[in-house]
Amino acid sequence: MSKLSKRVSLIKESPTFAIINKAALMKKNGQNIIVLAAGEPDFDTPEHIKNAAIEAIKNGKTKYTPSSGTNELKQAIVDKFKRENNLNYSLDEVIASNGGKHSIYNALQAIINPDDEVIIPAPYWVSYPDMVLLAGGKPICIPCGIEDDFKLSAEKLSQAITNKTRAIFINSPSNPTGMLYTESELLAIAKVLKNYPDTFIISDDLYEHLIFEKQQFKNLANIMPELQDRIIVINGVSKAYSMTGWRIGYTACNNKPLIKAMETIQSQSTSNPCSISQSAAVAALNGGIACVEPMLKEFIYRHEYAVKRINNIPGLHCLKAQGAFYVFFDCSVAIDKLYNSKKITEKTDLAFTNFLLENYLVAGVPGSAFGLENFMRISFATSMEELKSGLDRIEQALSNI
Ligand code: GLU
């Protein structure tokens, strides 16, 4: 019997993908499942982006590209940061990868040494801790509950940060909570980080364009430019341009050796991101964000609707989000009720989500997957019809207990 690596035994399958796969299988078997699990926009990729990919195929852009991406894409990334974020990078300070997840993975592989600590405010996006473990590091998850608006305060950061802290994640707007850090909160965090020159800041900005109130998005690099050589900005085209399957993410940092290291890692693993997707991403970034507007408008509408519905269901409670496309709700009261009426045998959010999936055919993700128990995440990156039916089913599930 062959043994697997110790490394792989440290991690689990991505819980979001595990649920997405399970729900897809149930659907294939003919069950009428409503899937509110995946953070994947239901809109089609905009036409001009698809056409750019078709042109790329026709024009023979079907070969290897430089590992870090084509010069055309890197220029589009540099221009995007200048135009949309007022951040300056050169071509060798950016790298394109196979999705935002891959960008984070490469960044961690490039900076983590054995037992280096990485601070992760919880709730967090499911893959951060496992990617840190795969890189040999130690995730230090800091609970930031509903009473903190799910955000890390400078005070909590000061208590957790040490000379062993190699990196910290900041994800705003956040997956799974949709919370957005204010400029003053970011400034307070930046002031703490200023005193730890060996700590990198991984700014996961994937939901940058999905902010509900009209306001200029800011990340730590805008707030404290002097930290720029250690602020690793991660972004991608998946969420804003509805391009999840194309797999294009990118990283920027005013730190050439770091970007070069990520390129080296990439050259020894995936070679380069898909050449056709790169052409599509050029069209997405150069085309600007006008095509995101109608999608954002729809997300704003669905958010209002979902928050209202959740807060009207006895046993559930959620805050309004400021961005992204999730509702992260407290289901502790519902869990208690279901447990007391013997509908579930364990008092956990996993039992709660399984109960909804198996009995009411509606799929969401348990809060524990994001590092906060007794919560559940549903995504409203799905049609209004599906969202309504899914919420009807959740309401029905909890109506007779
Ligand atoms: N980021 C999305 C989510 O949280 C897609 C799944 C994943 O990559 O984990 O649902």
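Note that this is a predicted model, so its numbers are computed, not measured. Counting starts at 1 for both ligands and their atoms, following the listed order.
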Please could you name the atoms of ligand 1 that [X] approaches to less than 4.0 Å, counting only its heavy atoms?
X: R377; value: 3 (C), 4 (O), 10 (O)
X: K239; value: 1 (N), 2 (C), 5 (C)
X: K101; value: 7 (C), 8 (O), 9 (O)
X: S14; value: 9 (O)

side-chain contact (heavy atoms from CB on, under 4.5 Å) for I248 and N98? Distances and angles first, verdict last.
CA-CA 5 Å; I248 295 291; N98 301 282; 5.8 Å; no
Once side chain to side chain contact (heavy atoms under 4.5 Å, CB included) is applied, do any residues pair with S153, and if so which ones, sequence neighbours excluded?
E155, K156
Mind checking side chain to side chain contact (heavy atoms under 4.5 Å, CB included) for S174 and listing every partner two or more places apart, or none if nothing turns up?
N171, P176, T177
Salt bridge check, E117 against R166: does any charged N sit closer than 4.0 Å to a carboxylate O?
no
For K12, is there an ion pair with D130 - N to carboxylate O distance below 4.0 angstrom?
yes
What do we get for F370 next to ligand 1 when only non-hydrogen atoms under 4.0 Å count, side chain, backbone, both or neither?
neither
Measure N175 to ligand 1 on non-hydrogen atoms and call it side chain, backbone, both or neither using the 4.0 Å cut-off.
side chain
Any chance you could lay out the ring-ring contact (aromatic ring centres under 6.0 Å, His included) test for H303 and F325, step after step, and finish with the verdict?
CA-CA 7 Å; H303 168 253; F325 37 58; over 10 Å; no
Centroid-centroid distance, Y360 to F355, less than 6.0 Å
yes
Identify, for atom 9 (O) of ligand 1, the protein heavy atom at the shortest distance, and state residue, atom and that distance.
T16 OG1, 2.6 Å
Output yes when the distance from some N or O of ligand 1 to some N or O of Y207 is under 3.5 Å, and no in every other case.
no
If you measure every N/O of I20 against every N/O of ligand 1, is any gap under 3.5 Å?
no
